[in-house]
Amino acid sequence: MSRRFPDRPIVAVGAVIIAPEGVLLVRRGQPPLMGEWSLPGGAVETGETVAGALLREVREETGLNVHVGPLLGVFDRIHHDDQGRVEYHYVLIDFLCTAVGGTLRAGSDTADALWALPSELSDYGLSESAIAVVQKGIGCAASAA
């Protein structure tokens, strides 16, 4: 199935990775959102669990190994083209994650990866829903500490 103009939504995962350095962001190197900052993650492949997809995507995009924590939310990301057709439709499942190994680097499908302070998230052009899920993750991480 094509990711562009799909015949049904694509299930994808996202990682809210909180560390003393901040929140991990990646700059997308491929459409959709090419050149934009977002949370690491991507599409779930056939036969892959949601947690398995998250582990793979984070490792591929950032070089980090993570522990998958609690579910933070499920969100729709729908983008229409100029004619109003659904160009991209993702159902995003976001989890709180903790880095447990690896070395941060920009990997496949990413142009850059960095730690951002929570107070700076709007400077990276993140959507309101992405900022809200990060804030939820920060609250969840703080209550677990």
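One-based numbering along the sequence shown. Since the model is a prediction, treat every value here as computed from it, not as a measurement.
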### Task
Measure across Val134 and Val16 and return the closest heavy-atom pair with its distance rounded to 0.1 Å.
CA-CG1, 4.0 Å

### Summary
Rounded to the nearest 0.5 angstrom, the CD-OH distance for Glu36 and Tyr124 is 15.0 Å

### Message
Ignoring hydrogens, what is the shortest heavy-atom contact between Gly137 and Leu96? Give both atom names and the distance.
### Response
O-CD1, 3.8 Å

### Task
Report the hydrophobic cluster partners of Val86, with the cluster defined as I, L, V, M, F, W, Y residues connected by side-chain heavy atoms closer than 4.5 angstrom, directly or transitively.
Ile78

### Message
Can you pull out every ring-ring contact (aromatic ring centres under 6.0 Å, His included) where at least one residue sits in residues 82-108? Sequence neighbours excluded, please.
### Response
none

### Task
Each residue besides Val100 in its hydrophobic cluster should be listed here, by chain and number; the cluster joins Ile, Leu, Val, Met, Phe, Trp and Tyr at side-chain heavy-atom distances under 4.5 Å.
none

### Within 6.0 Å of CZ in Arg77, more than 12 heavy atoms from elsewhere
no

### Query
Would Val91 and Asp76 satisfy side-chain contact (heavy atoms from CB on, under 4.5 Å), going step by step from the backbone distance to the final call?
CA-CA 5 Å; Val91 175; Asp76 293 299; 3.9 Å; yes

### Query
Can you find a heavy atom in the side chain of Asn65 that is under 4.5 Å from one in the side chain of Leu55?
no

Show me the side-chain donor-acceptor pairs of residues 106-119 shorter than 3.5 Å, one per line, residues at least two apart or across chains.
unit_1, atom_1, unit_2, atom_2, d
Thr110, OG1, Glu61, O, 3.1
Thr110, OG1, Gly107, N, 2.8
Thr110, OG1, Gly107, O, 2.9

#### Entry: Leu25 side, atom CG; Leu126 side, atom CG - distance, nearest 0.5 Å
5.5 Å

### Query
Are Pro40 and Leu24 close enough that some pair of their side-chain heavy atoms sits under 4.5 Å apart?
yes

### Summary
For Val13 and Asp94, the nearest pair of non-hydrogen atoms, with its separation, is C-OD1, 4.4 Å

### Query
Which residue pairs satisfy the ring-ring contact (aromatic ring centres under 6.0 Å, His included) criterion with at least one member in residues 42-84, sequence neighbours excluded?
none

### Task
Please step through side-chain contact (heavy atoms from CB on, under 4.5 Å) for the pair Ile10 and Arg3, ending with a clear verdict.
CA-CA 7 Å; Ile10 297 168; Arg3 291 186 184 197; 3.7 Å; yes

### With Glu48 via salt bridge (charged side-chain N to carboxylate O under 4.0 Å, His left out) - residues at least two apart
Arg56

### salt bridge (Lys or Arg N to Asp or Glu O under 4.0 Å) evaluation trace for Glu87 with Arg4
CA-CA 5 Å; Glu87 186 172 13; Arg4 190 165 183 233; 2.7 Å; yes

### Where Leu39 and Ala15 come nearest, the two heavy atoms and their spacing
CB-O, 3.6 Å

### Query
What are the two closest non-hydrogen atoms of Gln83 and Asp81, and how far apart are they?
N-OD1, 2.9 Å

### Summary
When rounded to the nearest 0.5 Å, the distance separating CG of Leu92 from CG of Leu72 is 12.5 Å

### Task
Give the C-alpha distance, both sets of side-chain angles, the deciding distance and a yes or no for side-chain contact (heavy atoms from CB on, under 4.5 Å) between Val66 and Thr98.
CA-CA 5 Å; Val66 296; Thr98 305; over 6 Å; no

### Query
Which heavy-atom pair separates Val58 from Leu64 by the least distance, and what is that distance?
CG1-O, 3.7 Å

#### Entry: Steps toward side-chain contact (heavy atoms from CB on, under 4.5 Å) verdict (Val68, Val50)
CA-CA 10 Å; Val68 179; Val50 172; over 6 Å; no

### Query
So how far is it from Ile138 CD1 to Ser143 OG, rounded to the nearest 0.5 Å?
12.0 Å

### Task
May I ask you to decide if Thr62's main-chain N or O and Arg105's side chain share a donor-acceptor pair within less than 3.5 Å?
no

